[in-house]
Amino acid sequence: MNDFFNLILKKFIELQQQFNATISTNFREIGDENALLPILTILSIAFIYGVVHALGPGHGKLLVSSYFLRSNRSYKEAFKMGYLISLIHTISALSISFILYYLLEVVFSQTFQEVSFYMTKISALLIIGVAIYLFFEQHKEHSSADVTQRSDLSIALSAGVIPCPGVMTIILFSILIGNISVGIAAAVFMSVGMGLTISLSAIVATATRSQTPSKITKVFPFIGNSMILLLGIYLLIFTEKYF
Amino acid sequence: MIKKLLILLFPVLSLAHPHLFIDTKLNFTIKKNKIDTLHVAWVFDDMNSQILMMDYDTNRDKKLNKKETQKFKKIYFDKLSKKKPFTHIKVDGKEIVLSKQVSAFKIDYKKNLLIINFTVDFKKIKQLKSIDIGFWDEENYTAFSMDPEYIKFKGKTLKTELDFYEADLFVADVLKVTL
């Protein structure tokens, strides 16, 4: 059983390595005549890479599922949340990559890790803030649409703001190899893939909630808020610098 | 303690997924039935090779000269090895501290791939039964792969076996060499 699990984990890493290699090989094959096949290959692999990439363990899905466990939300809202997060995640990685590359003269790979470190701390503070806010709002019978919208945005922002190194890698590689437009398109496709997986975790949480008898769901807001708070504390205390 | 408790509460908290992929190549030299030296080559993936070359090949001549290599070694290799070593070696079940044994650090750039070469010296280390070698990054940002095809012996071919190192949420290959 254990060996089986190990093999799956190993395959999971190998798969990502293959995606990574396929994307770079195809970038090199685009050439000056803008060959269509490699571009299409890059975009479709980027999408699948995004789905698989987000499948792995991560705090984003934990945050989103805790959040959607708390209150009655529609599947549409759950779906939207995944996309809001991946949109922010991608924009964050794109802008940080561009700023570091075009505006600052730094050792890129090291500085990117450093920026990620501080963004994670900011994200942690945001998450703690949201948790405290939700605890305050929890005792009210019905939250107003305003409160929901505000907390939705904060959740999306706190989960998405940590820049995705995968997106950064593709973008920077595309700049270096001289095909930035395909790089940006690949980043967008990758984030659409990641959004799908994150949405799925929100939808699963929503479905779990709707299948659970109301006696039990009464404690869900408390459990959800506590999980969000603990996650924030964990990120704040235990995130370490890579370099 | 608190960290362990939180990891127990949230088994999904391993944050990073691998973003940098390294293929390892191992060349053992055997003398008098013992491992004399081990030459290690880490071949970086194309994407990250380009990014690292951009960072360290400051004169843009598509290779790393002595000065550039030193900078790379200082930031990328020494600092990381001190903080979270990627190379893990056990001799007869006992972990060895690597810094004393590593030499001949060299960086190549071939066919768009960055390759780090270094040699681990086993001459002064007592060896009786076996040596375990694995490469992993506790943060799972860098993923190493070990292909039996790239494990070679000079002098004498020893018995090898691939096993897993199990971290919280990833696994890495460990090569057991039996003397």
Side-chain angles (χ1 to χ4, degrees), chain A residues 2-3 5-10 12-14 16-18 20-21 23-25 27-28 52-62 65 101 106-113 116 120 162 164-166 168-170 172-177 227 230-231 233-235 237-243, chain B residues 2-7 9-23 45-56 58 71-72 75-76 79-80 82-84 111-113 136-147 162-173:
Chain A
N2 212 7
D3 275 350
F5 189 59
N6 285 342
L7 273 177
I8 288 184
L9 278 176
K10 191 174 148 73
F12 183 69
I13 294 170
E14 278 175 8
Q16 297 193 58
Q17 181 172 17
Q18 275 162 17
N20 176 295
I23 290 175
S24 54
T25 312
F27 257 107
R28 292 191 181 280
V52 173
H53 197 63
L55 265 185
H59 74 291
K61 284 172 300 300
L62 183 67
S65 41
Y101 184 78
V106 289
V107 178
F108 187 97
S109 37
Q110 199 190 5
T111 315
F112 187 86
Q113 296 286 355
S116 298
T120 309
I162 304 172
C164 175
M168 174 279 280
T169 309
I170 292 183
L172 205 62
F173 177 71
S174 73
I175 295 176
L176 293 172
I177 208 165
M227 292 209 350
L230 281 172
L231 178 66
I233 294 172
Y234 180 92
L235 287 178
I237 301 178
F238 295 115
T239 306
E240 288 171 16
K241 275 194 186 176
Y242 192 71
F243 278 98
Chain B
I2 299 172
K3 186 171 186 176
K4 277 205 175 126
L5 204 71
L6 283 168
I7 288 178
L9 279 169
F10 301 121
V12 289
L13 265 179
S14 162
L15 291 173
H17 323 242
H19 292 97
L20 199 160
F21 302 92
I22 294 178
D23 287 323
D45 66 83
D46 186 0
M47 283 199 214
N48 284 291
S49 294
Q50 304 318 312
I51 295 173
L52 288 167
M53 283 301 279
M54 170 193 91
D55 275 343
Y56 295 99
T58 25
K71 191 179 173 195
F72 185 101
I75 295 180
Y76 199 88
K79 208 167 168 189
L80 278 183
K82 219 182 244 173
K83 219 168 161 183
K84 45 193 131 226
K111 291 183 186 160
N112 300 321
L113 301 179
W136 63 83
D137 170 6
E138 277 303 338
E139 285 196 25
N140 198 19
Y141 187 87
T142 304
F144 291 84
S145 69
M146 220 185 249
D147 188 338
L162 272 177
D163 197 5
F164 289 121
Y165 162 75
E166 295 170 38
D168 284 342
L169 265 160
F170 69 93
V171 291
D173 294 315

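Each chain gets a letter, A, B and so on, in the order its sequence line appears, and its residues count up from 1.
Residues F27(A) and D46(B) have side chains not in contact (no heavy-atom distance under 4.5 Å, counting atoms from C-beta outward). Side-chain contact between I51(B) and F112(A) is absent, with no heavy-atom pair separated by less than 4.5 Å. Under the 4.5 Å side-chain criterion, counting only non-hydrogen atoms from C-beta, I177(A) is not in contact with Q50(B). Using a 4.5 Å heavy-atom cutoff, the side chains of D45(B) and S24(A) are not in contact. Side-chain contact between N112(B) and R28(A): present, with at least one pair of heavy atoms (C-beta onward) separated by less than 4.5 Å. With contacts defined as side-chain heavy-atom distances shorter than 4.5 Å, the pair M54(B)/Y101(A) qualifies. At least one side-chain heavy atom of Q17(A) sits under 4.5 Å from a side-chain heavy atom of S145(B). Looking only at side-chain heavy atoms (C-beta outward), M53(B) and L176(A) stay at 4.5 Å or farther from each other.
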Y76(B) and Q110(A): side chain to side chain contact (heavy atoms under 4.5 Å, CB included), yes or no, with the steps? CA-CA 9 Å; Y76(B) 199 88; Q110(A) 199 190 5; over 6 Å; no
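Scanning all heavy atoms of the two residues, the minimum distance from F21(B) to I13(A) falls at CE2-O, 3.9 Å. Closest approach of P18(B) to Q16(A), counting heavy atoms only: O-OE1, 4.1 Å. The two residues V107(A) and Y56(B) make their nearest non-hydrogen contact at CG1-OH, 3.6 Å. Residues F164(B) and L7(A) share a closest heavy-atom pair of CZ-CD2, 4.0 Å.
Using a 4.5 Å cut-off between heavy atoms, M47(B) touches chain A through backbone and side chain atoms alike. Both the backbone and the side chain of I170(A) come within less than 4.5 Å of a heavy atom of chain B. For L20(B), no part lies under 4.5 angstrom from a heavy atom of chain A.
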